[in-house]
2 protein chains.
Amino acid sequence: MSAHIFVVEDEKPILTLLTYNLQKEGYKVSSSLNGEEALSRIKEKKPDLVLLDWMLPDLSGIKICQYLKQDEKVKNIPIIMLTAKGEEEDKVKGLNTGAEDYMTKPFSFPELLARIKSLLKRVKPNIVSEEATYLDLKIDRESMKVFRKEKEITLGPKEYKLLDFLIKQPKRVYSREQLLEHVWGDDINVESRTVDVHITRLRQSINIEGAKPLIRTVRSAGYSLEN
Amino acid sequence: MSAHIFVVEDEKPILTLLTYNLQKEGYKVSSSLNGEEALSRIKEKKPDLVLLDWMLPDLSGIKICQYLKQDEKVKNIPIIMLTAKGEEEDKVKGLNTGAEDYMTKPFSFPELLARIKSLLKRVKPNIVSEEATYLDLKIDRESMKVFRKEKEITLGPKEYKLLDFLIKQPKRVYSREQLLEHVWGDDINVESRTVDVHITRLRQSINIEGAKPLIRTVRSAGYSLEN
DNA sequence: TAAATATTTAACAAATCTGTAACATTACTC
DNA sequence: GAGTAATGTTACAGATTTGTTAAATATTTA
């Protein structure tokens, strides 16, 4: 099953280039030359990934990005911003709006491809299944219950969110900043040490007699779900 | 520390012009008049950027580009293609082969310069793969784990960073200053001898019974990851 | 609104890491 | 082979990071 990529780009040659190459790679490609149209068609088609040009005739790419990231139904679709500007500032803005990655034009197609693959791979576990397990830890997202060794465990809201996030990619190390961004979300006016406290509590909560700790600390890096 | 640019161009007048102007800008310039030679010398010299003529007597520029982009060791060096043709099609091909940029002759030197600067500035956000290996040493950047002969090894933060950096280009020798710059980063208010100490620690950490040392000292030059 | 729950911050102890200096060892030069 | 420069190694004081607790705020629930 090939992934579906939506390209928003107003410069035809570039759009042609992208479409041609992406299709050659086996992706299903849809595209739009302007922002307004793109917005509605993305919501309708729900592609697996969006390539979004920064500069568009009507709505700017950044606006589209913001709108998409506000919409519950499509907010999980990863976005790669394509920008002609190379300034650091812009890159930051691009990421702030919620884009998962950005590339500066002119870019090499192989590199773009690499990033696309990487994002699609990463997103896969985002197709959140109702149940996620890691070793003897189980989380049922429908009932929002958590089990350790068949025994139900009670978690506070943040603890639950934190675990819910960590379990999507066990063993992957997340920095405190990443956790704040993904688990806390919008109001990141929170000390990064706060994460530590919640990790401690989560640890205490999922800890059971005769079971492994399950949360690993990677000094000066962050945490991961792992025994 | 000025950047090193490699020019591949068979028309002598143009080559002379480019060399002269680039040197005047403070760049270190190497060059080659034909493709075969260029290929081997680029791999040997590892310049920071390559200016590559499209039309060459033997190997075409596009071939060179493809070869370079296939080679792990030099694939990250940005390439600017110089082409006399201006057709869209060529541009597409140029990008397909992995060139980061292209310019159509005749071009203005200031513009070329601007693009060179832009590319050089774009701090090679090397497409770091999740896993890197050198011989029996493996580093998994996702879980931030290091293995030697399948056995997990625990490294301190600096040791990890150091190895992470060294393994990007095995066998390449880095001076203590380069290591400080890339591994320590901003606060380079550190004695260069400090590097020695961390190298020692890293050596001890990755050392395993009956395995090769893996870190080479190059007297009065620096260190490299190599057996 | 009061009570119950959650969250954040601050504070301090414990664990671990880091840089430096001192001394040991190894290469290199003549 | 002596002398010199470069590198290896070690120990330790100081710095950083993390775990944990408790108290202060904020939020939700009844």
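Values in this document were obtained by computation on a predicted structure and should not be read as measured data. Below, chain A is the first sequence line, B the second, and so on; all start at residue 1.
- Residues passing the side-chain hydrogen bond (donor to acceptor under 3.5 Å, both in side chains) test with B:Thr217, sequence neighbours excluded: B:Arg203.
- For B:Asp196, taking side-chain heavy atoms from C-beta onward, the closest of the listed nucleotides D:dT10, D:dG8, C:dT8 is D:dG8.
- As a whole-Å value, the separation of B:Lys161 NZ from D:dT16 P is 14 Å.
- Contact annotation: side chain of A:Arg219 to base of D:dT17, donor-acceptor pair present below 3.5 Å.
- Look at CG on B:Leu202: it is 12 Å from P on D:dG8, rounded to the nearest Å.
- In this structure, A:Lys158 atom NZ and D:dT28 atom P are separated by 10 Å, rounded to whole Å.
- B:His198 comes within contact range of the sugar-phosphate backbone alone, with a heavy-atom separation under 4.0 Å but no base atom that close.
- In this entry the distance linking CG of B:Asn189 with C1' of C:dT18 reads 13 Å, nearest Å.
- Going from atom CD1 of B:Ile199 over to atom P of D:dT9 covers 11 Å, rounded to whole Å.
- A:Trp184 has a side-chain polar atom (N or O) that falls below the 4.0 Å cut-off from OP1 or OP2 of C:dT8.
- Closest to the B:Arg193 side chain, of the nucleotides D:dG19, C:dA21, D:dT7, is D:dT7.
- Side-chain proximity of B:Thr200 to D:dT20, C:dG19, D:dT10: nearest is D:dT10.
- For A:Ile215 and D:dT18, the CD1 to P distance is 15 Å, given to the nearest whole Å.
- With A:His198 as the partner, the ring-ring contact (aromatic ring centres under 6.0 Å, His included) test is satisfied by one option alone out of A:Tyr223, A:Trp184, A:Tyr160: A:Trp184.
- The CD atom of B:Glu191 sits 15 Å away from the P atom of D:dA6 (whole-angstrom rounding).
- Side-chain proximity of A:Arg201 to the nucleotides C:dT7, C:dT18, D:dT10 is greatest for C:dT7.
- Other residues, nucleotides and ligands place more than 12 heavy atoms under 6.0 Å from the NZ atom of B:Lys46.
- Note on A:Thr217: a side-chain N or O is less than 4.0 Å away from OP1 or OP2 of D:dG19.
- When each of D:dT10, C:dG19, D:dT21 is scored by its nearest atom to the side-chain atoms of B:Thr194, the top-ranked nucleotide is C:dG19.
- Across all strands shown, A:Val218 has heavy atoms under 4.0 Å from sugar-phosphate atoms exclusively, and none from any base.
- Nucleotide C:dC17 holds its P atom 15 Å from the CG atom of B:Leu162, rounded to whole Å.
- The phosphate of D:dT10 has OP1 or OP2 within less than 4.0 Å of a side-chain N or O from B:Gln204.
- Distances shorter than 4.0 Å separate some side-chain N or O of B:Tyr223 from OP1 or OP2 on D:dG8.
- The side chain of A:Val190 lies closest to C:dT9, out of C:dT7, C:dA11, C:dT9.
- Distance alone, capped at 3.5 Å, places no donor-acceptor pair between the B:Arg148 side chain and the B:Leu137 backbone.
- By the 6.0 Å contact criterion, OH on B:Tyr20 is open, its count of non-hydrogen atoms from other residues, nucleotides or ligands being 12 or less.
- Side-chain contact between A:Leu51 and A:Ile79 is absent, with no heavy atoms from C-beta onward closer than 4.5 Å.
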